[in-house]
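Single-structure report; data block below.
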Amino acid sequence: KRADEIKAASKPGYSLTMIASLAEGIKHEDFSVEKVKQYSDAELTQLYEALSSITFLFPEYDSHVAMQEKVFQEKVARRICNERDTKDMYRAYLGTRMFGKAMGIKKRFPDIKLFSMPENIISNNPAGATLWRVYNVQDEGKTIELKALPLDRGTRIVMVMLPGCAMGEDAMVEIMSASDLSPVFRKYGTVITNKFNAESVALWKNHFNFPEVYLAYKASDFPGLDFHISPHFYFLKDGKIVSQFKGWGGASRKEENRSNLLKGFQGISVSTQ
């Protein structure tokens with residue numbers, strides 16, 4: 001019943017709050033090895049779809065990733081696992097930063113085309129850091145290294161963007177090509193994505209000639225930032241959000257886009273002069 005409710009709630013226009021509440025009703029004790037073996041094929045598919053929706057929207061729900069993993073293993077054992085199931089499991093592992101298990105999926109299913117993951121992952125936690133942690137992408141996406149950004153100090157502009165977001169890419173093109181906006185964004189701006197795709201980050205850095213693009217370690221490292229909306233601009237002073245705006249219009253809204261940015265700059269006392 002709860003899986004059906006999650007499926008219904010996950011349609012376009014979904015409510016994150018509702019899905020998070022429904023997710024609480026799926027309990028770990030219902031996914032012991034013994035119980036999972038008792039579910040029918042149809043029930044396993046039903047549960048797997050619900051868990052995949054949860055881990056896609058909330059990648060830090062480690063317990064739900066563990067439940068998804070048990071259902072996935074049973075589907076593989078029964079030979080009812082399809083390519084989409086495998087890709088969802090791979091994505092869930094990357095979302096919760098379980099890189100070893102993600103690599104295990106790639107090795108176990110070599111015939112399924114999965115987007116690449118870095119060859120070198122340097123995850124030494126910066127001393128004392130509990131917030132603002134990101135992976136710095138190097139070597140065209142082959143290497144990532146954990147570091148902490150200094151977002152808690154001074155004036156900052158943070159742009160959240162999802163891989164493949166055309167509006168976000170349009171925003172970067174317009175900002176970087178504007179003679180008055182570009183210097184400000186280069187000095188104070190940072191682009192962050194939570195979806196684990198090192199290749200996209202490497203491409204952004206090269207395409208926009210802008211090095212300050214990072215993979216978030218965890219969304220919870222960035223209090224107040226919403227990683228579900230792209231693009232989303234935040235204007236910070238000493239780690240506190242002063243103002244924000246989301247979205248980026250097309251050519252007909254060019255002046256509106258510019259006005260929103262300038263208002264954000266003004267709120268953190270940044271001038272384009």
Side-chain angles (χ1 to χ4, degrees), residues 1-11 14-78 80-82 84-109 114-115 117 121 123 125 129-135 144 146 162 193-197 215-228:
K1 178 182 176 182
R2 187 52 53 92
D4 277 343
E5 291 171 340
I6 290 170
K7 183 177 181 178
S10 300
K11 293 178 180 178
Y14 59 81
S15 165
L16 287 171
T17 303
M18 180 182 293
I19 296 174
S21 177
L22 291 171
E24 293 179 1
I26 296 186
K27 304 298 184 182
H28 202 274
E29 53 264 28
D30 292 326
F31 292 87
S32 65
V33 173
E34 293 76 16
K35 285 195 174 183
V36 167
K37 289 184 180 300
Q38 293 172 10
Y39 294 129
S40 68
D41 289 359
E43 288 169 336
L44 283 180
T45 297
Q46 184 181 19
L47 291 169
Y48 194 79
E49 288 178 356
L51 290 165
S52 294
S53 294
I54 293 168
T55 58
F56 175 76
L57 295 170
F58 305 100
E60 291 182 47
Y61 282 20
D62 293 3
S63 62
H64 290 79
V65 174
M67 289 184 261
Q68 182 179 348
E69 179 182 62
K70 289 184 178 180
V71 177
F72 176 75
Q73 290 172 345
E74 181 64 19
K75 291 194 77 174
V76 172
R78 296 188 194 184
I80 59 170
C81 175
N82 59 36
R84 173 66 182 272
D85 294 336
T86 303
K87 289 182 175 181
D88 283 347
M89 194 71 252
Y90 179 70
R91 183 261 310 149
Y93 283 147
L94 289 181
T96 200
R97 308 310 187 231
M98 295 179 178
F99 299 125
K101 290 191 173 185
M103 182 56 70
I105 291 285
K106 288 182 73 71
K107 291 179 178 179
R108 188 175 182 183
F109 302 94
L114 302 167
F115 60 84
M117 60 181 292
I121 301 171
S123 296
N125 193 51
T130 57
L131 292 175
W132 321 118
R133 288 171 295 182
V134 295
Y135 284 105
I144 60 171
L146 193 64
L162 294 172
T193 185
N194 190 41
K195 296 299 181 184
F196 197 91
N197 192 326
L215 286 166
Y217 173 60
K218 291 183 177 181
S220 57
D221 265 28
F222 298 84
L225 272 64
D226 185 350
F227 284 88
H228 296 95

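Quantities reported herein were computed from a predicted structural model and do not represent experimental measurements. Any value given below was found using the heavy atoms of this structure, including those in side chains, with hydrogens, waters and symmetry copies removed. We count residues from 1, following the sequence as given.
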Worksheet item: Got a second to check how far Thr55's OG1 is from Asp88's CG, nearest 0.5 Å?
Response: 7.0 Å
Item to complete: Output yes when a side-chain donor or acceptor of Thr45 lies under 3.5 Å from a complementary backbone atom of Asp41, and no otherwise.
Response: yes
Worksheet item: Which value, rounded to the nearest 0.5 Å, describes the distance between Cys81 atom SG and Leu44 atom CG?
Response: 11.0 Å
Item to complete: In sequence, state the C-alpha distance, the side-chain angles, and the governing distance for Leu162 and Asn194, and then conclude on side-chain contact (heavy atoms from CB on, under 4.5 Å).
Response: CA-CA 7 Å; Leu162 294 172; Asn194 190 41; 6.0 Å; no
Discussion item. Any non-hydrogen side-chain atom of Tyr14 less than 4.5 Å from a side-chain atom of Ile19?
Written reply: yes
Worksheet, complete the sentence: Nearest heavy-atom approach of Leu16 to Leu57 is CD2-CD2, 4.1 Å
Discussion item. Donor-acceptor check, side chain of Thr96 to backbone of Tyr93, threshold 3.5 angstrom: yes or no?
Written reply: no
Practice prompt. Return the minimal non-hydrogen interatomic distance between Lys27 and Glu24, and the atom names on each side.
Written response: NZ-O, 3.0 Å
Worksheet item: Can any side-chain N or O of Asp221 pair as donor or acceptor with the backbone N or O of Arg133 at less than 3.5 Å?
Response: yes
Discussion item. Run Phe115 and Tyr90 through ring-ring contact (aromatic ring centres under 6.0 Å, His included) and show every step you take.
Written reply: CA-CA 9 Å; Phe115 60 84; Tyr90 179 70; 5.6 Å; yes
Item to complete: Using a strict cut-off of less than 4.0 Å between a Lys/Arg side-chain nitrogen and an Asp/Glu carboxylate oxygen, indicate whether Arg78 and Glu74 qualify as a salt bridge.
Response: yes
Discussion item. Tell me whether Tyr48 contacts the main-chain N or O of Asp85 through its side chain, where contact means a donor paired with an acceptor under 3.5 Å.
Written reply: yes
Item to complete: Measure across Pro59 and Gly95 and return the closest heavy-atom pair with its distance rounded to 0.1 Å.
Response: CB-O, 3.5 Å
Worksheet item: Would you say the side chains of Thr86 and Arg108 form a donor-acceptor pair under 3.5 Å?
Response: no
Practice prompt. Say whether, by atom type as modelled, one donor and one acceptor occur between the side chain of Glu60 and the main chain of Ala219 under 3.5 angstrom.
Written response: yes
Worksheet item: Does Arg97 reach the side chain of Phe196, with side-chain heavy atoms less than 4.5 Å apart?
Response: yes
Fill in: Side-chain (Glu43) to main-chain (Ser40) donor-acceptor, under 3.5 angstrom
yes
Practice prompt. Check whether any side-chain N or O of Asp4 sits under 3.5 Å from a backbone N or O of Ala8 as a donor-acceptor pair, and report yes or no.
Written response: no
Worksheet item: Are side-chain heavy atoms of Ile6 and Glu49 found at a separation under 4.5 Å?
Response: no
Fill in: Side chain to side chain, Phe72 and Ser52, heavy atoms closer than 4.5 Å
no
Discussion item. I'd like to know if Glu69 pairs up with Lys101 as an ion pair, taking the criterion as any Lys NZ or Arg NE/NH1/NH2 lying under 4.0 Å from an Asp or Glu carboxylate oxygen.
Written reply: yes
Fill in: Between CD1 on residue Ile105 and CZ on residue Arg91, distance to nearest 0.5 Å
11.5 Å
Worksheet item: Backbone N or O of Ala23 within a donor-acceptor pair of the Arg2 side chain at under 3.5 Å?
Response: no
Item to complete: Specify whether Phe31 and Tyr39 have parallel, tilted or perpendicular ring planes, treating 30° as the upper limit for parallel and 60° as the lower limit for perpendicular.
Response: tilted
Worksheet, complete the sentence: OG of Ser220 to CG of Leu225, rounded to nearest 0.5 Å, is 11.5 Å
Practice prompt. Indicate the atoms forming the closest heavy-atom contact of Val36 with Lys70, along with that distance.
Written response: CG1-O, 4.0 Å
Discussion item. Whether the side chain of Ser21 engages the backbone of Thr17 through a donor-acceptor N/O pair (distance < 3.5 Å, no angle test) should be reported.
Written reply: no
Worksheet item: Does Tyr135 reach the side chain of Ser123, with side-chain heavy atoms less than 4.5 Å apart?
Response: yes
Fill in: Residues Leu215, Val134; criterion side-chain contact (heavy atoms from CB on, under 4.5 Å); working and verdict
CA-CA 5 Å; Leu215 286 166; Val134 295; 6.0 Å; no
Worksheet item: Which word best sums up how the rings of His64 and Tyr61 line up, parallel for under 30°, tilted for 30 to 60°, or perpendicular for over 60°?
Response: tilted
Worksheet entry | Short side-chain to backbone donor-acceptor contact, His28 and Met67, under 3.5 Å | no
Worksheet item: For His228 and Asp226, which heavy atoms make the closest approach, and how far apart are they?
Response: N-OD1, 2.8 Å
Worksheet item: To the nearest 0.5 Å, how far apart are CG in Asn82 and NZ in Lys75?
Response: 5.5 Å
Worksheet item: Under the 6.0 Å and 45° cation-pi test, does Lys218 pair with Phe227?
Response: no
Worksheet item: Can Val65 and Met89 be said to form a side-chain contact (heavy atoms from CB on, under 4.5 Å), step by step?
Response: CA-CA 8 Å; Val65 174; Met89 194 71 252; 4.2 Å; yes
Practice prompt. Would you indicate whether the side-chain heavy atoms of Leu47 and Gln68 approach each other to under 4.5 Å?
Written response: no
Practice prompt. Count the heavy atoms of every other residue, nucleotide or ligand shown that sit under 6.0 Å from NZ of Lys106, and state whether that count exceeds 12.
Written response: yes
